[in-house]
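Shown next, in structure tokens, is the structure this report addresses.
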2 protein chains.
Amino acid sequence: MGADLHEVTAVRLGESGGRYTRQRRHLVEILERAGMPLAIPDILRGRRNLAQSSVYRNLAALERAGVVRRVPADEGFGRYELTEDLTEHHHHLICSSCGRVQDVEVPEDLEREVDRTLDRLARRAGFASVAHRLDLIGRCGRCATRGTAARA
Amino acid sequence: MGADLHEVTAVRLGESGGRYTRQRRHLVEILERAGMPLAIPDILRGRRNLAQSSVYRNLAALERAGVVRRVPADEGFGRYELTEDLTEHHHHLICSSCGRVQDVEVPEDLEREVDRTLDRLARRAGFASVAHRLDLIGRCGRCATRGTAARA
DNA sequence: CCAGGACATGAGAATGGTTCTCATCATCAT
DNA sequence: ATGATGATGAGAACCATTCTCATGTCCTGG
């Protein structure tokens, strides 16, 4: 992996009628290095050569091509990461206090059991072609030490 | 349950320095009847006596009181449901094509195993006080029958 | 009863993340 | 080269959400 990440991206972009331009390659590299879902400001920070509108447009293009995924956080804005077939299947630790998102992988056997069970439930409800999304909500170490009140 | 839903709400609202007004009661009843996360337009639909700004404000108040939870969907807007300690712990079937969200409960033992494992992983990563969120992504029956292209 | 204080409401303005528009550039095939 | 097709950047437009402010409502103490 790693080397052909860009090949795969190029192919998929081609299929969806797009080009693998320098800026799109740049975005893919940024997301690859980050290893965690990034918000637009994170991507823009200290890179004054990226136009915000182009970043949005290109992330949308990469999403359409199936290379990038928009992660919905409960922060009022979105974060972006590479799709799982380009990395490893993983889940997120989400800090409910500062919004920081961190990747985790869960054990194979739990994954399998979750998948199996959910698949059954989904079918029963008339849903098809199912993936799952499993996130942990908590407080990261940094937020836990200073006490940020959440609820009385 | 059901009867004291309103008592609990009144108490929690009181604790967080608010009143259980007619409109807030109304919102709680709407969410209770729905049994699925509702978007603001769903709540407003055919109820011209509710001011949009008040609905937002009141849902925020109810969320602060721990009665309501904002569910982040990948639709660009939020949905609201009663918190789990007022209903049952459950998860969502999310249709990736039409955005419809439906509640599901998963078997006790899977829940337990997920909780146990995630707790361990979280602790290892320095996260504390963890809840989980487990959603199914797929296509609902309605969207599956008519073919809505998602990706080539 | 009446007055005052504290919170709730409604309408619309303001905010902020995201998407669209449009004029200009780059890239590819002929 | 040359024209077509798509990409880029800057800013305007959009839309969900939040804020403002002028009332309204409810409870409390006199």
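Lettering of chains follows the sequences in order, A, B, ..., and the numbering in each one begins at 1.
A:R69 CZ: more than 12 foreign heavy atoms inside a 6.0 Å radius.
Atom NE2 in A:H6 sits 10.5 Å away from atom CG in A:L86 (nearest 0.5 Å).
B:A60 meets the side chain to side chain contact (heavy atoms under 4.5 Å, CB included) test with B:R64; sequence neighbours excluded. For A:T9, the side chain to side chain contact (heavy atoms under 4.5 Å, CB included) partners at least two apart in sequence or on another chain are A:L5, A:L13, A:Y20, A:V28, A:L62, A:V67. Shown here are the ring-ring contact (aromatic ring centres under 6.0 Å, His included) partners of B:H132, two or more places apart in sequence or in another chain: B:H89, B:H91.
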Nucleotide by nucleotide, 5' to 3', does protein get under 4.0 Å of the base (B), only the sugar-phosphate (S), or neither (-) in nucleotides 23-30 of chain C, counting heavy atoms? ----B---
Apply the test side-chain contact (heavy atoms from CB on, under 4.5 Å) to residues B:D103 and B:E105: give CA-CA distance (whole Å), side-chain angles for both, the deciding distance (0.1 Å), then the verdict. CA-CA 7 Å; B:D103 292 352; B:E105 286 181 39; over 6 Å; no
Do B:R120 and B:D115 pass the salt bridge (Lys or Arg N to Asp or Glu O under 4.0 Å) test, and can you show the C-alpha distance, the side-chain angles, and the key distance before you say yes or no? CA-CA 9 Å; B:R120 186 154 28 85; B:D115 258 345; over 6 Å; no
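Regarding contacts with the backbone of D:dT8, a side-chain N or O of A:T21 is found under 4.0 angstrom from either OP1 or OP2. Look at A:N58 and you'll find a side-chain N or O under 4.0 angstrom from OP1 or OP2 of D:dT8. At least one side-chain nitrogen or oxygen of A:Q23 sits closer than 4.0 Å to the OP1 or OP2 atom of D:dG9.
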Write down the protein N/O and nucleotide N/O pairs, taken from nucleotides 15-22 of chain C, whose separation is under 3.5 Å; answer none if there are no such pairs.
| from | atom 1 | to | atom 2 | distance (Å) |
| --- | --- | --- | --- | --- |
| C:dT18 | OP1 | A:R70 | NH2 | 2.5 |
| C:dT18 | OP1 | A:G78 | N | 2.8 |
| C:dT18 | OP2 | A:Y56 | OH | 2.5 |
| C:dT18 | O5' | A:Y56 | OH | 3.3 |

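To the nearest angstrom, P of C:dG10 lies 14 Å from CZ of B:R48. Note: CD (A:E75) to P (D:dT17) measures 15 Å, nearest angstrom. With rounding to whole Å, B:R47 atom CZ is found 14 Å from C:dG10 atom P. Between the P atom of C:dT9 and the CZ atom of B:R25 lies a distance of 14 Å, rounded to the nearest Å. Separating the CG atom of B:L44 from the P atom of D:dT17 is a distance of 11 Å, rounded to the nearest angstrom. B:R64 places its CZ atom 16 Å from the P atom of D:dT17, with the value rounded to the nearest Å. In this entry the distance linking CZ of A:R24 with P of D:dG6 reads 11 Å, nearest Å. Atom CD1 in B:I43 sits roughly 10 Å away from atom P in D:dT17 (whole-Å rounding).
The pair B:D119-B:R116 does not count as a salt bridge, with every side-chain nitrogen at least 4.0 angstrom from each carboxylate oxygen.
For C:dT30, the paired base is D:dA1 (Watson-Crick or G-U wobble, both distances below 3.5 Å).
Within the structure, the ring-ring contact (aromatic ring centres under 6.0 Å, His included) test picks out no pair touching residues 53-86 of chain B (sequence neighbours left out).
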